[in-house]
Amino acid sequence: MRTVSSFMAAVLMMGVFALTAVAQQAPGGDPGPAVQQGAEKQMTPEQFTALKSRILKMIDARKAKLDEEKTCVEAAKTPGELKKCRPHHPMRSADKNRRGPVQQPPMEQQK
């Protein structure tokens, strides 16, 4: 009996929340100004240009780092040299990279 009343209370509350959400919308189905306010912050053309410039600088820095790493990897002749090119990326053995099913050892024949 207690679980049924808890369930009914939960359903009733969900209905109230749904009606509240519908009531907050403008008559045309468009969200009201409170919802639109946080959707996109307006910025001045100067702010946009500064943001765009900052993002492009970060992309150029990442690109330069990747180009250096690529040159190092291409020049590497031993696993040790390769490891020096990517110190934050540990090399894995071929067995660890396999994604196939795990093979179980054969079962001993029963006598």
- prompt: Stepwise, does the side chain to side chain contact (heavy atoms under 4.5 Å, CB included) test hold for Ile59 with Arg62?
  reply: CA-CA 5 Å; Ile59 290 171; Arg62 282 191 309 206; 3.6 Å; yes

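Residues meeting the salt bridge (Lys or Arg N to Asp or Glu O under 4.0 Å) test with Glu69, sequence neighbours left out: Arg86.
In this structure, SG in Cys85 is found 10.5 Å from CD in Glu68, a value given to the nearest 0.5 Å.
Cluster annotation: Leu66 and Leu56 are assigned to distinct hydrophobic clusters (Ile/Leu/Val/Met/Phe/Trp/Tyr, side-chain heavy-atom contacts under 4.5 Å, transitive).
Taking the side chain as every heavy atom from C-beta outward, Asp60 and Lys57 never approach each other to under 4.5 Å.
Formation of a donor-acceptor pair under 3.5 Å by the Ser53 side chain with backbone atoms of Thr49 is not found in this model.
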